[in-house]
Structure formats: C-alpha cells, structure tokens
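To keep things clear, I will list the structure first and then write my remarks on it.
Computed from heavy atoms alone, side chains included, the values below leave out hydrogens, waters and symmetry copies.
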Amino acid sequence: MASKIQPVKGTREFYPEQMFLRNFIYEKVRAASQAFGYQEWDAPFIEPIDLYAAKSGEELVKKQSFTFQDRGGDFVTLRPELTPSLTRMIAAKQGELTFPLRWWSFGPFWRYEQPQKGRSREFFQWNIDMLGVDSPLADAELIAVAAAFLRSVGLNPLLASIYVNNRRLMESEFDALGIIPEKRLEVSNLVDRRSKMEPAKWDAYALELGLTQKQVDGLKNILSNFELWKKSDELTRLFAALEALGVKEYVKFNPNIMRGLLYYTGTVFEAYETSGSLKRAILGGGRYDNLLADVGGPPLPAVGFAMGDVVIGIILQEYGLLPEFIPTPAAVLVTLFDITMWIKSFELAVQLRNAGLNVMVYPEPVKLQKQFKFADRMKMKIALTVGPDEAANDQVAVKNLVNGEQVTVKREAVVEFIRKILARV
RNA sequence: GAGCCUGUAGCUCAACGGCAGAGCGCUACACUGUGGCUGUAGAUGUUGUGGGUUCGAAACCCAUCAGGCUCCCCA
C-alpha cells in the first residue's frame with residue numbers, strides 16, 4: 001500500500017528509469033565540457049544565507065529559497081545557484097589558480113517556487129564558465145560548448161537554436177531612443193515578455209510604463225531588426241568565431257533575448273527548442289564582467305551559462321531522443337534450478353564475474369518459467385541453467401534470449417561462448 | 001501570492017444521481033527443464049480524506065489534502 005507520507009512538493013523521485021535519464025544528461029554534459037578542456041568542480045550544497053543575501057535581493061532569498069536555522073542557530077540556505085560559491089572559491093585561491101579558468105559542474109539546486117511544467121523545486125543544473133578572459137572568442141567558445149551538447153543529445157539545428165544578443169548593443173539602442181536609465185529594468189522585462197503577450201496588449205503595457213508612442217515604435221523596430229548585430233563590433237567578431245568553430249547553424253541573432261538586466265554586461269544567449277511547445281529556455285547565459293568584483297570577489301571578466309535538467313529532460317523524452325532503457329546492468333542471468341543445485345549456480349556466477357561479466361543469480365528456486373520471464377522483462381540477453389544433467393557432465397545450458405537459441409557447452413568454454421553472443425547482440 | 005483543472009483497481013482511464021467497469025499489467029493453467037506470441041480461467045476497490053444534500057452520491061455542495069497547468073517570478 002502506498003505510504004501516506006508524500007515526497008516534498010516539487011521534488012522528483014528517481015526510479016531507475018528516471019535515474020537513467022539523469023545519468024544520460026550528466027554523461028553528455030560531461031562529454032561536452034571535457035571536449036573543450038573544462039575541469040569539473042563543485043561547491044557545498046548548503047551555504048550561509050549571507051552568501052546570497054549580499055548579491056540577490058533580500059526578498060528573493062527569503063521567498064524563493066529553502067532557508068532554515070541549523071541547531072547552532074545559524075541561518076543556512078540550500079544553494080539556489082552556484083555563482084556566489086564560485087566567486088568565493090575563486091577569491092580564496094586566486095593566486096594559486098591557473099587562468100584562464102575553465103570550470104564546469106553538475107549538481108543539485110533548490111528554489112522555493114511554484115512547480116509547473118519544466119520547473120521543480122529540486123533540480124540538477126549544469127554550470128559552465130570561463131573566467132579571466134574578456135573576448136568575443138571566449139563567448140563563442142561557451143556557445144560552441146552549448147551547441148556541442150545539443151548536437152550530442154540529438155537536437156540538431158532544426159530542433160534547437162541558440163539565440164544571441166548583446167547587452168551593450170541594446171543599451172546604446174535604448175539610449176538612442178531616449179529611454180532613461182531608470183526605466184531600463186522595466187523595459188528589459190517588457191522585451192522579455194514580448195513573445196508571451198499578444199501584440200496589442202504588449203503595446204498597451206509599454207505605454208503604461210510611461211514610454212512615448214514614438215519610443216514604443218522605435219523599440220518595436222529594434223526588436224524586429226535581425227540585422228542589428230552588424231552595428232556591434234563584439235557581435236560581428238562573435239559570429240565570425242562561431243562560424244570558425246563550426247556551430248554557426250545553431251546560432252541566430254535575436255534582439256528579443258535580454259535575460260533581465262541582472263548582471264550581464266555583453267553577450268547574452270538562450271537556447272530554445274524550435275517548435276516552441278515548451279516556452280522555456282533549455283539553457284541560458286552570457287558575459288558578466290563586473291559580477292565578481294561587485295560581490296567582493298576579484299575583478300575578473302567571465303562568461304558562462306547554466307542548464308537545468310528538467311526542461312532538457314522533457315524535450316529529450318518528447319522527441320524520443322533517449323536510448324533504450326535497459327533495466328539491469330547485468331546481461332546474464334544464472335537461474336536456480338532447484339534447491340539442491342544452488343551451489344552450482346553460485347559457483348558459475350563467480351566464475352563469470354571473475355572474468356569481468358556482470359551477472360545476476362536468481363535468488364530463489366522458483367519455476368524456471370518464472371525465472372526466464374524475469375530475465376526477459378529485465379531485458380537480459382542470456383540465461384544460464386545448471387540442472388542435474390548439465391552438472392553431471394560439467395556443462396552449462398546457455399540460452400540466447402534474443403534469438404531463443406540454446407546450446408549446452410562445457411563449463412570451461414562458457415565465458416568465451418557468452419562473450420561471443422554479447423558481442424553480436 | 002492569484003486563477004483554472006484533476007484525484008476511481010498496480011498503471012491508463014470509463015461510468016456523470018440508480019448493481020463500480022474496460023484495456024494493460026498480475027496470478028493460474030494449456031506448457032512439471034525455458035521468456036517473448038496465443039488461448040482459457042481467476043484475483044484485485046474505504047471512488048484522496050472529512051462532513052453535508054438525497055430514498056439513493058464515484059457523481060451535487062462545503063471543507064481539507066495531494067497533483068497538474070497558467071499568471072507572477074525565474075539568480
């Protein structure tokens with residue numbers, strides 16, 4: 001019967017099948033990161049609340065994070081993001097680290113938000129950053145890492161795109177429209193929201209913010225000008241680098257990408273699935289040259305991005321891009337013929353494991369029919385049986401569960417025989 | 001913080017005021033040394049929980065819990 005105690009809201013239980021998906025994502029993340037020479041690292045999962053309160057708004061930390069008092073009375077927070085920890089760790093060992101720094105991480109994060117499609121309260125996030133270089137070439141590299149990941153999971157440029165913009169470019173365009181700096185945050189949110197709102201509503205909302213009709217029209221011109229990047233030296237160099245890196249087909253300039261005004265200073269980018277069925281970014285990031293100094297760290301230019309496991313997981317499942325789930329890591333089952341034969345089965349299993357094979361022994365002498373059915377359902381490839389006849393002749397019955405063929409072989413030949421079958425299936 | 005929707009067998013769902021059902025899965029047998037495919041038979045329910053309306057409630061009403069979706073937010 002089901003337990004009355006439910007999992008905490010917004011958490012996910014990882015049954016083997018979901019664990020397989022999580023590990024699949026992790027493997028691809030690691031491969032993409034390491035292909036470009038990034039080092040894996042991690043930080044504590046719980047941090048002092050002050051680490052976040054300094055940078056993020058007090059409100060954000062209190063309302064949108066898991067914070068509690070430990071037994072000593074100190075306030076601690078389950079990490080909602082990684083950058084503050086990164087900053088601290090860089091500052092602590094600044095003199096010992098070899099720059100430029102290329103670091104990546106994949107671990108759990110917690111945010112106290114309303115769970116919905118593509119968002120949970122406990123999730124895994126890939127963070128990858130390059131620190132110590134201020135150059136469009138570095139920006140291009142991070143975008144290339146993202147593209148390499150997308151490609152590796154089967155999301156080709158028709159299925160997913162990376163949209164790029166530049167904050168400095170937008171700032172200068174906003175200046176040209178005479179939008180005062182005090183309105184920048186609101187205008188930025190306005191831009192962010194454009195794809196979600198009906199055009200008429202969006203116009204009304206823009207006027208509500210106090211923009212003049214002329215400014216609204218100007219803004220719309222900017223946001224629909226997909227040639228705007230040519231005015232930016234940074235973006236021109238970025239796109240040239242992206243072409244050289246062989247990922248040009250994944251990347252499109254899009255003036256609607258803002259990512260708030262939080263701390264990005266230059267290039268910003270977000271990857272989306274192109275069908276738009278899920279209106280959430282797969283990943284997002286950009287250049288943040290002032291952040292480290294702003295929060296009391298070393299003054300280091302930086303670029304990076306983050307990707308949660310939830311959105312990408314949904315997309316991979318919807319597109320059927322996951323490899324077949326194999327329930328057990330053991331391809332071989334040794335059946336238990338009856339209670340008198342158990343020692344033979346165990347000995348056989350040991351022999352096979354010593355030869356490096358993953359082997360499961362059925363743990364009770366139930367009907368062979370049931371044991372074979374179990375092997376079938378676990379998608380195992382081979383079932384071995386040692387009954388009285390085989391035992392008397394020092395043999396093993398080897399059944400290939402994929403094609404149904406069964407052969408009785410000498411015990412000393414069984415490892416080689418199994419290897420041959422496994423090489424074929 | 002706000003709105004909408006959904007909770008029925010292990011799973012997916014039907015029944016929409018009148019006997020709680022189907023498909024899948026499960027168990028047994030056909031097949032006492034062998035899975036998948038097939039056939040036959042069988043088991044499985046506090047209809048999320050608590051209350052109310054009614055001759056009668058899975059259905060209607062109230063409360064509550066849980067989940068989903070959307071808005072807000074998204075480091």
Side-chain angles (χ1 to χ4, degrees), chain A residues 1-13 15 47 51-65 77-87 109-121 123 125 127 188-189 192-193 196-197 201 258-264 270 277-281 283-286 288 291 294-295 304-306 308 310-311 314 333-338 341 362 365-391 396-408:
Chain A
M1 275 288 96
S3 164
K4 287 228 164 89
I5 298 175
Q6 304 268 349
V8 172
K9 186 187 182 85
T11 62
R12 292 165 295 163
E13 297 181 301
Y15 288 83
E47 291 277 18
L51 183 69
Y52 306 105
K55 184 197 115 193
S56 324
E58 190 87 359
E59 206 67 356
L60 196 59
V61 175
K62 279 197 175 139
K63 287 188 143 178
Q64 308 257 46
S65 72
T77 301
L78 290 174
R79 63 179 189 185
E81 58 167 327
L82 195 58
T83 309
S85 306
L86 171 68
T87 302
F109 294 86
W110 294 264
R111 290 180 190 171
Y112 197 81
E113 299 180 294
Q114 228 28 256
Q116 50 190 272
K117 190 172 188 184
R119 191 164 76 184
S120 60
R121 288 184 173 179
F123 56 95
Q125 190 166 275
N127 286 270
S188 180
N189 280 333
D192 249 357
R193 212 174 288 184
K196 287 186 185 171
M197 288 173 82
K201 278 189 181 172
M258 288 300 288
R259 295 193 63 69
L261 269 192
L262 287 155
Y263 50 61
Y264 292 106
E270 286 180 346
S277 72
L278 199 57
K279 284 183 199 140
R280 259 171 222 291
L283 57 87
Y288 52 100
L291 179 65
D294 286 352
V295 299
F305 69 84
V310 184
V311 171
I314 291 171
L333 175 74
V334 178
T335 62
L336 209 55
F337 188 83
D338 63 32
M341 302 298 298
Y362 203 89
V366 297
K367 285 186 185 176
L368 283 181
Q369 186 179 29
K370 193 169 179 188
Q371 300 187 37
F372 273 76
K373 190 167 186 138
F374 172 82
D376 184 55
R377 298 195 54 170
M378 295 298 270
K379 295 190 175 140
M380 300 174 88
K381 309 297 184 197
I382 293 170
L384 306 178
T385 305
V386 184
D389 298 346
E390 289 83 5
V396 179
V398 180
K399 181 159 186 179
N400 178 336
L401 295 173
V402 179
N403 63 15
E405 287 170 15
Q406 180 165 314
V407 181
T408 302

Base, sugar-phosphate alone, or nothing: which one does A:V402 contact when heavy atoms must sit under 4.0 Å apart?
base

Rounded off to whole Å, could you give me the CD-to-C1' distance for the A:E270 and B:C74 pair?
11 Å

What contact category does A:R193 fall into here, base, sugar-phosphate, or nothing, at under 4.0 angstrom with non-hydrogen atoms?
sugar-phosphate

Complementary nucleotide for B:G17 - Watson-Crick or wobble, under 3.5 Å
none

Side-chain (A:Q371) to main-chain (A:L336) donor-acceptor, under 3.5 angstrom
yes

A:D192 CG to B:C72 C1', straight-line distance once rounded to whole Å
14 Å

I need the CZ-P distance between A:R280 and B:C73, as an integer number of Å.
12 Å

Would you kindly give the NZ-to-P distance between A:K399 and B:G35, to the nearest whole Å?
6 Å

Would you mind classifying the nucleic acid contact of A:D338 as base, sugar-phosphate or nothing, using non-hydrogen atoms under 4.0 angstrom?
nothing

Could you measure between the two P atoms, the one in B:C11 and the one in B:U47, and give it in whole Å?
15 Å

Whether the side chain of A:Q125 engages the backbone of A:E81 through a donor-acceptor N/O pair (distance < 3.5 Å, no angle test) should be reported.
no

What is the nucleic acid contact for A:F337, judged by heavy atoms within less than 4.0 Å: base, sugar-phosphate only, or nothing?
base

Please work out if A:Q125 contacts a base, only the sugar-phosphate, or nothing of the nucleic acid, heavy-atom cut-off 4.0 Å.
nothing

Would you indicate, yes or no, if B:C29 has its OP1 or OP2 atom less than 4.0 angstrom from a side-chain nitrogen or oxygen of A:K367?
yes

Please evaluate the base of B:G33 for a donor-acceptor partner in the side chain of A:Q371 within a cut-off of under 3.5 Å?
no

Does the structure show a Watson-Crick or G-U wobble partner for B:A66, both distances under 3.5 Å? Name it, or say none.
B:U6

Partner nucleotide of B:G23 by Watson-Crick or wobble geometry (both distances under 3.5 Å):
B:C11

For RNA chain B, whose closest nucleotide is more 5', that of A:F372 or that of A:P80?
A:F372

Looking only at N and O atoms, is any donor in the side chain of A:R111 or the base of B:C74 less than 3.5 Å from an acceptor on the other one?
no

Please state whether the base of B:G68 and the side chain of A:K117 form at least one donor-acceptor pair under 3.5 Å?
no

Partner lookup for B:A59, please. Criteria are Watson-Crick or G-U wobble with both distances under 3.5 angstrom; report none if nothing qualifies.
none

Here the distance between atom C1' of B:A75 and atom CD of A:E81, to the nearest Å, is 4 Å

Could you check which nucleotide pairs with B:U44 in any of the strands shown, counting Watson-Crick or G-U wobble with both distances under 3.5 Å?
none

Please confirm whether any donor atom in the side chain of A:Q406 sits under 3.5 Å from an acceptor in the base of B:U34, or the reverse.
yes

May I ask you to decide if A:K117's main-chain N or O and A:R280's side chain share a donor-acceptor pair within less than 3.5 Å?
yes

When we call it a touch if two heavy atoms are under 4.0 Å apart, what does A:T385 touch: a base, just sugar-phosphate, or nothing?
base

